[in-house]
Amino acid sequence: MSEPAAAGEGGALVLFSGGQDSTTCLAWALERFERVETVGFDYGQRHRVELERRSAISRGLTRLNGAWARRLKDDHTLSLAALSKVSDTALTRQVAIEMETGGLPNTFVPGRNIIFLTFAAALAYRRGLKHIVGGMCETDYSGYPDCRDDTIKALQVALNLGMEKRFVLHTPLMWIDKGETWSLAEQLGGTALVDLILEDTHTCYLGERGARHAWGYGCGTCPACTLRAEGFARYRERKDVRA
Ligand code: ZN
């Protein structure tokens, strides 16, 4: 792993939802930056249980690594209740998750990541943090145009112009698939981090935490569970090939 950035270079704010991806991003940031804060967004999502996982995950991360414990600072929760008012999707309503005619899943909250990153930048501005880290990813592309690398790069330019700052937006998962996200976690924190992610993170869109599968908790059939399960299977396969 690379050396942590000097403290003078500015700390990091991680978009931390309590899911697998954002937990991996948080470990990535803790490995690199001397000061790391986290932000979660409450927008009335059906899978709000993931927000409740965040404190358990943070506690787990600080137990895994003494340096991470020193670097991990404030956690912020921002309410974006308006998001559920302007979007009418399966993430915020009790309807089935399915593909819509435009080719996007109806889990899509239009521009959600643009809104999240903009609020994160406003918070980072106030907290004096230079780096903003998010789990957006083009691989395993589920049709979310606000996860595209070009969207994030364009937003970085807009935020820096509009706030007269030099924020750096980091997306460590952009070009890796869900299997490689598990491998990245293992590189960052060993199998202890993989186990923490399996046990404590939440991905399922339906907020289901009943059954514990090999890949963690969830309904097992929604798009988020399917991606997580397939990714974990690929990670295990690659591990077996290497062994
Ligand atoms: Zn599910």
Side-chain angles (χ1 to χ4, degrees), residues 1-42 45 47-79 116-117 119-121 123-124 126-137 167-173 176 178 180-204 207 209 212 215-218 228 231-232 235:
M1 285 293 106
S2 59
E3 288 297 306
E9 248 193 80
L13 179 65
V14 180
L15 276 67
F16 180 43
S17 68
Q20 174 195 354
D21 291 348
S22 68
T23 301
T24 307
C25 287
L26 178 53
W28 181 90
L30 287 168
E31 195 64 21
R32 277 167 182 75
F33 302 107
E34 283 299 326
R35 179 173 147 227
V36 177
E37 299 188 13
T38 49
V39 60
F41 298 100
D42 185 349
Q45 57 268 54
H47 52 309
R48 291 184 85 256
V49 59
E50 72 174 11
L51 283 178
E52 290 151 20
R53 303 304 311 158
R54 295 191 310 146
S55 53
I57 296 165
S58 298
R59 275 196 307 277
L61 289 172
T62 58
R63 274 197 296 268
L64 282 188
N65 183 312
W68 294 0
R70 284 194 306 279
R71 292 169 185 164
L72 185 58
K73 308 292 185 196
D74 303 48
D75 176 50
H76 313 268
T77 303
L78 296 182
S79 168
F116 287 174
L117 284 165
F119 271 86
L123 180 62
R126 190 163 58 75
R127 303 292 299 170
L129 301 164
K130 173 175 177 162
H131 302 273
I132 298 168
V133 184
M136 299 81 190
C137 173
F167 291 122
V168 184
L169 270 48
H170 299 268
T171 52
L173 311 184
I176 64 178
K178 290 281 174 198
E180 290 164 324
T181 302
W182 288 105
S183 303
L184 176 60
E186 189 184 329
Q187 285 165 36
L188 290 164
T191 50
L193 179 57
V194 173
D195 289 343
L196 183 145
I197 290 173
L198 281 173
E199 198 57 41
D200 285 326
T201 68
H202 186 86
T203 305
C204 177
R209 279 193 75 77
R212 168 68 153 83
W215 44 267
Y217 295 92
R228 177 165 165 148
F232 189 72
Y235 159 70

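Everything quoted here is computed from the prediction, not taken from an experiment.
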Minimal heavy-atom distance between Ala124 and Phe167, with the atoms involved, is CB-CE2, 3.8 Å
Identify the two heavy atoms, one from Gly218 and one from Cys204, that lie closest to each other, and give their separation to 0.1 Å.
-> CA-CB, 3.8 Å
Going by an N to O cut-off under 4.0 Å, is there a salt bridge joining Glu199 and Arg212?
-> yes
Smallest separation among heavy atoms of Ala120 and Phe41, with atom names | N-CZ, 4.3 Å
So do Leu129 and Val36 actually touch side chain to side chain, heavy atoms under 4.5 Å?
-> no
Taking Arg54 for the side chain and Phe16 for the main chain, is one N or O donor matched with an acceptor at less than 3.5 Å?
-> yes
Taking only residues two or more places apart in sequence or in another chain, which ones pass ring-ring contact (aromatic ring centres under 6.0 Å, His included) with Phe232?
-> Trp182, Tyr235
Of the options Lys130, Lys73, Arg127, which is the one that meets Glu37 in a salt bridge (charged side-chain N to carboxylate O under 4.0 Å, His left out)?
-> Arg127
Quick one: pull up CG in Leu173 and CG in Leu184 and give me the separation to the nearest 0.5 Å.
-> 6.5 Å
Are side-chain heavy atoms of Leu15 and Cys25 found at a separation under 4.5 Å?
-> no
Between Arg228 and the options Gln20, Lys178, His202, the side chain to side chain contact (heavy atoms under 4.5 Å, CB included) test singles out Gln20
To the nearest 0.5 Å, tell me how far Leu72 CG sits from Thr38 OG1.
-> 6.0 Å
Report yes if the side chains of Leu30 and Leu61 come closer than 4.5 Å at any heavy-atom pair, otherwise no.
-> yes
Give, for atom CG of Asp21 and atom CG of Leu26, the distance between the pair rounded to the nearest 0.5 Å.
-> 12.5 Å
Measure the acute angle between the ring planes of His170 and His131, then classify it against the limits of 30° and 60° as parallel, tilted or perpendicular.
-> tilted
Give a yes or no on whether the backbone of Thr201 and the side-chain of Arg53 come within a donor-acceptor separation of less than 3.5 Å.
-> no
Within a strict 4.5 Å, meaning less than it, do heavy atoms of the Met136 and Leu117 side chains meet?
-> yes
Residue of the set Val168, Thr171, Val14, Leu169 for which side chain to side chain contact (heavy atoms under 4.5 Å, CB included) holds with Ile132 = Leu169
Mind checking the CD-CG spacing from Glu186 to Leu193? Nearest 0.5 Å is all I need.
-> 9.5 Å
Rounded to the nearest 0.5 Å, what separation is found between the CG atom of Asp74 and the CG atom of Leu13?
-> 10.5 Å
Grab the two heavy atoms, one from Thr24 and one from Ala185, that are nearest each other, plus how far apart they are.
-> CG2-N, 4.1 Å
Please round to the nearest 0.5 Å and tell me the distance separating atom NE2 of His76 and atom CZ of Arg126.
-> 7.0 Å
